[in-house]
2 protein chains.
Amino acid sequence: MPKLGMEPLRRRALVAATIAEIGAVGSLEVTVSNIARRAGVSSALAHHYFGSKDKLFLAAMRAVLTDFGAEVRAALRGVRDPRQRLSAIVRVSFSETSFRPEVIAAWLNFYVHAQNSDETQRLLRLYQARLHTNLMHALRPLAGPRADTIARTTAALIDGLYIRQALRDPAPDARRAVQLVTDYLDDALAASAPLPERTPA
Amino acid sequence: MPKLGMEPLRRRALVAATIAEIGAVGSLEVTVSNIARRAGVSSALAHHYFGSKDKLFLAAMRAVLTDFGAEVRAALRGVRDPRQRLSAIVRVSFSETSFRPEVIAAWLNFYVHAQNSDETQRLLRLYQARLHTNLMHALRPLAGPRADTIARTTAALIDGLYIRQALRDPAPDARRAVQLVTDYLDDALAASAPLPERTPA
DNA sequence: TTCTTAATTGACTCGTCAATCAATAACCGA
DNA sequence: TCGGTTATTGATTGACGAGTCAATTAAGAA
């Protein structure tokens with residue numbers, strides 16, 4: 001039944017299956033066979049298109065990063081107010097698409113994989129750098145010299161909330177996560193405001 | 001050369017070797033043989049004393065948690081002032097013994113392993129609960145109703161800083177990590193202080 | 001129609017590794 | 001010194017899994 005032009009379809013399906021399988025198994029100890037089965041093809045085909053298990057992992061990771069990047073860009077488009085740009089970044093970080101158990105598990109495992117794969121490490125650093133840039137862009141006008149510290153703290157906080165969700169049984173609590181980061185930003189920005197205007201209770 | 005009373009020695013050596021090996025390899029895809037070699041014994045002996053690879057992992061994890069718990073308790077002993085208790089907890093979190101590349105890698109991998117091992121999950125939750133309790137104890141007098149939020153944020157921040165160190169090539173930067181958490185706490189506590197006394201710049 | 005190329009797979013190879021086991025060595029108490 | 005126990009390992013088994021390959025099917029081109 002070989003139809004032509006299957007390649008992009010298969011690639012997409014295999015990448016999605018990889019993420020799903022990593023999420024289901026909870027580690028990178030997944031078999032190419034199982035991933036392929038999930039995608040409805042043979043393991044040989046997975047090797048045919050991706051060459052190796054590692055390349056398949058990399059492709060999956062790039063997909064996650066690309067999706068996230070696109071979502072951030074979309075959320076930022078048109079938003080000019082710095083504080084609202086911050087909110088948008090935070091919101092997307094815990095959005096429906098990014099903050100799902102499978103994707104969270106994938107992230108966690110990408111961090112592990114980065115210990116051995118230079119390319120994975122590179123991609124993760126790229127993500128971190130982009131996030132930092134986005135945060136700085138919004139923070140500089142709000143926090144001046146403290147922007148860098150706040151940006152790093154925010155990024156670490158987001159990562160920490162991710163890793164902690166990896167332990168929860170039920171669906172991850174995105175609302176709570178957004179709330180925590182938002183609260184943090186409020187405090188940090190209040191403390192950095194050029195003109196303090198906080199009114200005592 | 002069989003000397004008697006080797007068991008505790010071997011167990012300790014194997015546990016240490018497990019952490020070292022996980023740190024060196026960067027994942028749980030380590031072989032019992034390599035761990036055993038590192039400990040200077042045969043793989044058969046590792047199985048003899050621990051029964052299975054999984055039990056060995058669990059033992060390693062318990063060791064890390066026990067060390068950490070002991071260090072926290074020691075650092076807290078005698079310190080009464082809440083703010084100083086907070087500092088002590090933060091300091092220990094990034095102390096010489098806990099914040100080493102191998103131990104960081106081990107932590108990261110324990111989180112992964114928790115996805116499949118109920119016992120690992122239980123241990124990790126136990127650690128989180130203890131940390132939360134310690135933080136709350138110190139935060140309640142300082143932040144009142146906001147204590148819970150601040151405690152959760154602090155915990156997530158610590159975890160996030162850990163995971164981020166897993167990507168850095170050189171020695172992890174403990175000083176910077178402590179600084180970030182401390183800065184956060186200062187802001188958060190300033191915002192929660194019953195009587196704001198911040199003086200404008 | 002015939003040739004080429006894309007799509008696809010079952011079967012196979014080759015390693016690796018956890019776990020087991022039987023065997024050996026030395027210590028100890030009776 | 002003898003039997004029991006502890007320490008220890010080399011060799012082996014059995015399973016599993018990544019990657020390869022030759023073979024099959026069909027679609028489009030010539």
Side-chain angles (χ1 to χ4, degrees), chain A residues 1-61 109-110 112-113 115-117 119-120, chain B residues 1-61 109-110 112-113 115-117 119-120:
Chain A
M1 314 120 164
K3 309 260 175 79
L4 290 216
M6 283 290 103
E7 176 157 355
L9 286 187
R10 297 307 192 199
R11 290 189 103 99
R12 263 195 293 276
L14 281 163
V15 162
T18 301
I19 295 168
E21 186 70 11
I22 292 175
V25 174
S27 80
L28 296 180
E29 281 156 36
V30 294
T31 68
V32 175
S33 297
N34 283 346
I35 293 172
R37 179 165 331 132
R38 203 179 266 268
V41 299
S42 73
S43 73
L45 196 68
H47 278 102
H48 175 64
Y49 282 132
F50 287 94
S52 76
K53 193 184 180 181
D54 223 70
K55 302 246 187 71
L56 184 50
F57 282 157
L58 255 342
M61 185 169 173
N109 281 287
F110 291 155
V112 171
H113 197 233
Q115 312 274 317
N116 289 319
S117 155
E119 181 63 3
T120 302
Chain B
M1 314 117 165
K3 310 259 176 78
L4 291 213
M6 284 288 102
E7 175 156 358
L9 286 188
R10 296 307 192 198
R11 290 190 104 100
R12 264 194 294 276
L14 281 164
V15 162
T18 302
I19 295 168
E21 187 71 12
I22 291 175
V25 175
S27 80
L28 295 181
E29 281 156 35
V30 294
T31 67
V32 175
S33 296
N34 283 346
I35 293 172
R37 179 164 331 132
R38 203 178 266 268
V41 299
S42 74
S43 72
L45 195 68
H47 278 101
H48 175 64
Y49 282 131
F50 287 95
S52 75
K53 192 184 180 180
D54 223 69
K55 300 246 188 71
L56 185 51
F57 282 157
L58 254 342
M61 185 171 173
N109 281 286
F110 291 155
V112 171
H113 198 233
Q115 312 274 316
N116 289 318
S117 155
E119 180 64 2
T120 302

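Basis for what follows: all heavy atoms, side chains included, without hydrogens, waters or symmetry-related copies. Model, not experiment: these values are computed from the prediction. To find a chain, count down the sequence lines: A is the first, B the second, and so on, and within it residues start at 1.
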Rounded to whole Å, how long is the line connecting atom [atom1] of [X] with atom [atom2] of [N]?
{"X": "B:Leu28", "N": "C:dA18", "atom1": "CG", "atom2": "P", "answer": "12 Å"}
{"X": "B:Arg11", "N": "D:dT6", "atom1": "CZ", "atom2": "P", "answer": "14 Å"}
{"X": "A:Leu4", "N": "D:dA29", "atom1": "CG", "atom2": "P", "answer": "9 Å"}
{"X": "B:Leu56", "N": "C:dC17", "atom1": "CG", "atom2": "P", "answer": "16 Å"}
{"X": "A:Glu7", "N": "C:dT5", "atom1": "CD", "atom2": "C1'", "answer": "13 Å"}
{"X": "A:Met6", "N": "D:dA26", "atom1": "CE", "atom2": "P", "answer": "15 Å"}
{"X": "B:Arg37", "N": "C:dC17", "atom1": "CZ", "atom2": "P", "answer": "10 Å"}
{"X": "B:Leu45", "N": "C:dA23", "atom1": "CG", "atom2": "P", "answer": "19 Å"}

Protein-nucleic acid N or O pairs under 3.5 Å, nucleotides 17-21 of chain D:
| unit_1 | atom_1 | unit_2 | atom_2 | d |
| --- | --- | --- | --- | --- |
| D:dA18 | OP1 | A:Val30 | O | 3.3 |
| D:dA18 | OP1 | A:Lys53 | NZ | 3.0 |
| D:dA18 | OP2 | A:Val32 | N | 3.1 |
| D:dG19 | OP2 | A:His47 | NE2 | 3.2 |
| D:dG19 | OP2 | A:Lys53 | N | 2.9 |

key: Under the salt bridge (Lys or Arg N to Asp or Glu O under 4.0 Å) test, residues paired with A:Glu29 that sit two or more places apart   = none
inquiry  = According to salt bridge (Lys or Arg N to Asp or Glu O under 4.0 Å), who are the partners of A:Arg10, at least two apart in sequence or on a separate chain?
reply    = none
query = Which residues satisfy the side-chain contact (heavy atoms from CB on, under 4.5 Å) test with B:Ala13, sequence neighbours excluded?
reply = B:Ala39
inquiry  = Going by the rule side-chain contact (heavy atoms from CB on, under 4.5 Å), which residues pair with A:Asn34 if we only count those two or more places apart in sequence or in a different chain?
reply    =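 A:Asn34 satisfies side-chain contact (heavy atoms from CB on, under 4.5 Å) with A:Glu21, A:Thr31, A:Arg37 once adjacent residues are dropped.
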ask   = With a 4.0 Å cut-off on heavy atoms, is B:Tyr49 in touch with a base, just the backbone sugar-phosphate, or nothing at all?
value =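 Sugar-phosphate, backbone atoms only, no base.
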query = For A:Arg10 and C:dT8, is the shortest distance between a side-chain N/O and OP1 or OP2 below 4.0 Å?
reply = yes
Close side-chain approach of A:Phe57 and A:Thr120, heavy atoms under 4.5 Å =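 They are not in side-chain contact.
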Of all pairs that satisfy side chain to side chain donor-acceptor pair (under 3.5 Å), the ones with a partner from residues 44-60 of chain B, not counting sequence neighbours = B:Asp54-B:His113
